[in-house]
Amino acid sequence: MTPRAGRSFFTCDAVTLAKRLLGQSLVRRVHGIELRGRIVETEAYVGVRDAASHAYEGRLTARNRAMFDEPGVCYVYFTYGMHHCVNFSCATRGDPQAVLIRALEVIQGHDVIRKLRNREGISDQALCQGPANLTKAFGIDLSLNAIDTVKSNDLYIELLRRRAPRASVMVNTARIGISAKAGRWRAEALRWYLRDSKSVSGPR
DNA sequence: TTCAAGATTTCCT
DNA sequence: GGAAATCTTGAAA
């Protein structure tokens with residue numbers, strides 16, 4: 001049986017978790033069916049000093065509360081009036097660090113995922129390419145916000161590997177979609193992806 | 001109470 | 001390359 005990520009897996013800074021999550025499996029249970037995807041792209045939001053983070057300067061609101069919760073708690077937010085994005089809280093309670101999941105390769109549940117995406121002629125590799133695409137593909141919405149993925153069976157991480165990938169197979173770049181208002185944080189290299197994956201979103 | 005902007009995607013020219 | 005879709009949040013008034 002594949003081991004599941006426990007509290008200790010998430011009890012680290014966001015940079016460590018962003019790399020550690022690459023190559024692991026995101027599991028979602030909907031209507032008794034399991035969907036699985038291999039994580040191939042992540043971004044770190046490193047806490048109160050990060051001007052690109054919803055928790056910049058310690059801002060705590062009803063929306064981003066999950067970022068401040070226990071490591072392993074899921075932070076789902078709604079944006080652009082139509083999209084959801086999913087993150088995993090990390091570090092320690094009260095320290096709002098989190099990792100955004102930006103892309104997956106589908107491992108299990110292609111049929112269900114294709115229906116959820118509801119898009120004609122889409123390739124397998126594009127099903128979960130991009131943060132809002134993967135939440136749609138996996139049926140992730142605000143009902144999953146703030147759930148504890150260490151305990152929930154609706155959404156959690158399965159460990160397909162013991163360690164983060166070697167540096168030589170990862171690519172590290174600036175994050176996507178960060179506005180100029182974030183200042184130097186716009187250019188900080190806090191995005192990672194697996195070099196060989198065809199499902200990575202944004203610039204390669 | 002009003003308003004601008006957003007950790008995006010898709011479709012059009 | 002550019003704009004539309006669509007609505008919540010947080011800051012300004």
Side-chain angles (χ1 to χ4, degrees), chain A residues 10 13-19 21-22 26 37 39-69 73-91 95-106 113-146 149 155 171-193 198-204:
Chain A
F10 300 99
D13 62 273
V15 167
T16 299
L17 185 65
K19 293 186 279 191
L21 278 169
L22 289 179
L26 180 70
I39 297 170
V40 298
E41 181 182 359
T42 57
E43 281 179 4
Y45 289 82
V46 298
V48 299
R49 69 186 197 281
D50 184 351
S53 170
H54 293 163
Y56 179 48
E57 292 182 325
R59 195 176 70 208
L60 170 59
T61 66
R63 177 208 205 191
N64 71 1
R65 193 183 62 77
M67 293 183 86
F68 293 79
D69 211 323
V73 165
C74 174
Y75 171 41
V76 181
Y77 66 87
F78 182 63
T79 190
Y80 292 104
M82 64 190 87
H83 298 307
H84 295 279
C85 294
V86 63
N87 304 252
F88 285 87
S89 174
C90 60
D95 181 356
Q97 299 193 42
V99 173
L100 171 70
I101 310 299
R102 289 194 56 92
L104 309 171
E105 288 171 1
V106 178
I113 286 169
R114 197 168 283 279
K115 284 200 180 74
L116 284 165
R117 282 284 266 130
N118 189 30
R119 201 154 162 278
E120 291 294 323
I122 187 172
S123 65
D124 277 0
Q125 72 178 51
L127 284 171
C128 300
Q129 189 169 47
N133 286 333
L134 77 88
T135 55
K136 187 173 184 190
F138 271 53
I140 295 170
D141 60 21
L142 290 178
S143 70
L144 293 173
N145 183 45
T149 70
L155 186 72
V171 181
N172 180 209
T173 75
R175 293 173 291 187
I176 309 290
I178 308 300
S179 85
K181 285 194 283 189
R184 75 174 179 90
W185 289 95
R186 186 184 189 185
E188 287 286 317
L190 292 170
R191 167 182 177 240
W192 285 266
Y193 63 84
K198 296 187 170 99
S199 297
V200 172
S201 71
R204 302 293 306 241

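Throughout, a chain's letter reflects where its sequence line sits, starting with A, and its residues are numbered from 1.
- Nucleotide C:dA13: unpaired (no Watson-Crick or G-U wobble partner with both distances less than 3.5 Å).
- Of the P atoms belonging to C:dA3 and B:dA5, the separation is 15 Å, rounded to the nearest Å.
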Inset, instruction - Using the ring pair (Phe, Tyr, Trp, His ring centres under 6.0 Å) rule, take A:Y77 and A:H54 through it: C-alpha gap first, then chi angles, then the decisive distance, then the call. - result: CA-CA 10 Å; A:Y77 66 87; A:H54 293 163; 4.6 Å; yes

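- A salt bridge is absent between A:D141 and A:K136; no separation between the charged side-chain nitrogens and carboxylate oxygens falls under 4.0 Å.
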Legend entry - Base-contact (B) and sugar-phosphate-only (S) positions in nucleotides 5-13 of chain B, heavy-atom cut-off under 4.0 Å, - elsewhere: SBBBSSS--

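- Side-chain N/O atoms of A:N133 and A:R117 include a donor and acceptor closer than 3.5 Å.
- Straight-line distance between the P atoms of B:dT2 and C:dT6: roughly 23 Å, to the nearest whole Å.
- For A:N172 (side chain) and A:W192 (main-chain N/O), no donor-acceptor pair under 3.5 Å exists by modelled atom type.
- In summary, the side chains of A:Q97 and A:S89 do not present any donor paired with an acceptor at a separation below 3.5 Å, with no hydrogens or angles considered.
- In this structure, B:dA7 makes no Watson-Crick or G-U wobble pair, since no nucleotide meets both defining distances under 3.5 angstrom.
- The six-membered or imidazole ring of A:Y75 lies away from that of A:F88, with a centre-to-centre distance of 6.0 Å or more.
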